[in-house]
Amino acid sequence: MNLVARRKEEACHAIESACKSIGRDASEVSIMAVTKTHSLETAQLAIDAGISLLGENRLQEAQQKFTRPERSFSLTLIGHLQKNKAKKAALFFDAIHSVDSLECAQMLAKSCEETNKTLEILLEYKSSQDQNKTGFDSEDSLKRELDSILELKNLKVAGLMTIGPLGNDDYLNRQAFSKTRVLFESIKSSHKLAEWQTLSMGMSGDFVSAVEEGSTLVRLGTYLFGSRP
């Protein structure tokens, strides 16, 4: 078993323990391998370990790395989407988990409509006050644009994504994750959304806390691959 496969198994055990501690089913939680800055060969180790979700931060890097037209995995953009790259990103990625405005969603929908493609998106919620983070900066701003986003054709709006605050303060992380989960559940209940199933919270340093606070998708890079090159 290679190092990535072993680390994936360790992550699965940690997720199972976290779920057991709060009475959740571990099958509710998926792992995304964040392959940004890592080589195609390294990404392939994650695929060989059974991880079918890969996350990249930048369109250009992903295009250079994943050139094959047919993929055995789902490739997701998790980094901030620049407006001038929305059209290409909509065509290249299988999902975009960093949609932070109605304008961004409209640009993606327009590109998908031209090619008759359905694209999964998550709405990124800014759950902490870190000025370096992107996302809808309040519940009100997200809810204000939500109905218009849901009406867009060719987009499957599947849930929310958030990034915890900088640092390793577990209390602050849990506050951010809990806040996002409450918003997620509120929207799912009020809009009766069958496709509203994904709550992406937690990365290498805080994914256990995120799972205990309700995450259904954790994004692991350093945990799986070690330090970035």
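Taking CD1 of Ile163 as the reference point, atom OG of Ser200 lies at 8.5 Å (rounded to 0.5 Å). Going from atom NE2 of His97 over to atom CE of Met161 covers 8.0 Å, rounded to the nearest 0.5 Å. Remark: Trp196 CH2 to Ser189 OG distance equals 12.5 Å, nearest 0.5 Å. Rounding to the nearest 0.5 Å places CZ of Phe66 at 7.5 Å from CZ of Phe92. Here CZ of Phe73 is found 5.0 Å from CG of Leu54. Values are rounded to the nearest 0.5 Å. Ile31 contributes atom CD1, which lies 7.0 Å from atom CZ of Phe207 (distance to the nearest 0.5 angstrom).
Checked against side chain to side chain contact (heavy atoms under 4.5 Å, CB included), Ala105 has the following partners two or more places apart in sequence or in another chain: Val99, Ile149, Leu152, Leu155. A search for side chain to side chain donor-acceptor pair (under 3.5 Å) contacts involving Glu213 returns Arg174, Arg181, not counting sequence neighbours. Not counting sequence neighbours, the partners of His191 by the side chain to side chain donor-acceptor pair (under 3.5 Å) test are Asp147. For Lys133, the salt bridge (charged side-chain N to carboxylate O under 4.0 Å, His left out) criterion is met by Asp130, not counting sequence neighbours. Listed by chain and number, the residues in a side chain to side chain donor-acceptor pair (under 3.5 Å) with Asn154 amount to none (sequence neighbours excluded). In this structure, His38 has no side chain to side chain donor-acceptor pair (under 3.5 Å) partners at least two apart in sequence or on a different chain.
A 4.5 Å side-chain heavy-atom check between Ile51 and Leu224 finds at least one atom pair inside the cut-off. Between Leu123 and Ile187, the closest side-chain pair of non-hydrogen atoms is not below 4.5 Å. Side-chain contact check for Ser98 versus Leu122: every heavy-atom pair is 4.5 Å or farther apart. The shortest side-chain heavy-atom distance between Glu212 and Val208 falls under the 4.5 Å cut-off. Side-chain contact between Thr76 and Glu120 is absent, with no heavy atoms from C-beta onward closer than 4.5 Å. Between Tyr223 and Val218 the shortest side-chain heavy-atom distance does not fall below 4.5 Å.
Of all non-hydrogen atoms in Phe225 and Ala46, the two that sit nearest each other are CZ-CB, 3.9 Å. The minimum heavy-atom distance between Ser215 and Val29, with the atom names listed, is O-CG2, 3.6 Å. Scanning all heavy atoms of the two residues, the minimum distance from Leu199 to Gly214 falls at CD2-O, 3.6 Å. Across all their heavy atoms, Arg24 and Val211 have their closest contact at NH1-O, 2.8 Å. Across all non-hydrogen atoms, the minimal contact from Asn168 to Asn173 is C-ND2, 4.4 Å. Counting all heavy atoms, side chain and backbone alike, Gly221 lies closest to Ser204 at N-OG, 3.2 Å.
Sequence neighbours left out, not one pair with a member in residues 131-164 passes ring-ring contact (aromatic ring centres under 6.0 Å, His included). Residue pairs meeting the side chain to side chain donor-acceptor pair (under 3.5 Å) criterion with at least one member in residues 45-61, sequence neighbours excluded: Thr35-Glu56, Gln44-Asp48, Glu56-Lys65, Glu61-Lys65.
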For this session: Could you check Glu124 against Leu81 for side chain to side chain contact (heavy atoms under 4.5 Å, CB included), going step by step and ending with a plain yes or no?
Result: CA-CA 11 Å; Glu124 183 176 4; Leu81 177 62; over 6 Å; no
Exercise. Can you list the steps and then say if Met201 with Ser127 is a side chain to side chain contact (heavy atoms under 4.5 Å, CB included)?
Worked result: CA-CA 10 Å; Met201 306 191 301; Ser127 58; over 6 Å; no
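Hydrophobic cluster of Ile22: no remaining members, since no ILVMFWY side chain lies below 4.5 Å from it. Membership of the apolar cluster around Val34 extends to Met32, Leu53, Ile78, Leu217, as traced through chained side-chain contacts below 4.5 Å between ILVMFWY residues.
Placement of Leu59 and Leu119 within a single hydrophobic cluster is found when ILVMFWY residues are connected by side-chain heavy-atom separations under 4.5 Å, directly or transitively.
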Residues 108-118, side-chain donor-acceptor partners within the protein, below 3.5 Å, at least two apart:
residue	atom	partner	partner atom	Å
Ser111	OG	Met107	O	3.2
Thr115	OG1	Ser111	O	3.4
Thr115	OG1	Cys112	O	3.4
Lys117	NZ	Ala90	O	2.6
Lys117	NZ	Leu91	O	3.2
Lys117	NZ	Phe93	O	2.6

Side-chain donor-acceptor contacts of residues 10-21 below 3.5 Å, not counting sequence neighbours, with atom names and distances?
residue	atom	partner	partner atom	Å
Glu10	OE1	Arg7	NH1	2.5
Ser17	OG	His13	O	3.1
Ser21	OG	Ala18	O	2.6

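Looking at Thr162, its side chain does come within 3.5 Å of a backbone N or O of Tyr125 through a donor-acceptor pair. Side-chain atoms of Asp25 do not come within 3.5 Å of backbone N or O of Glu28 as any donor-acceptor pair.
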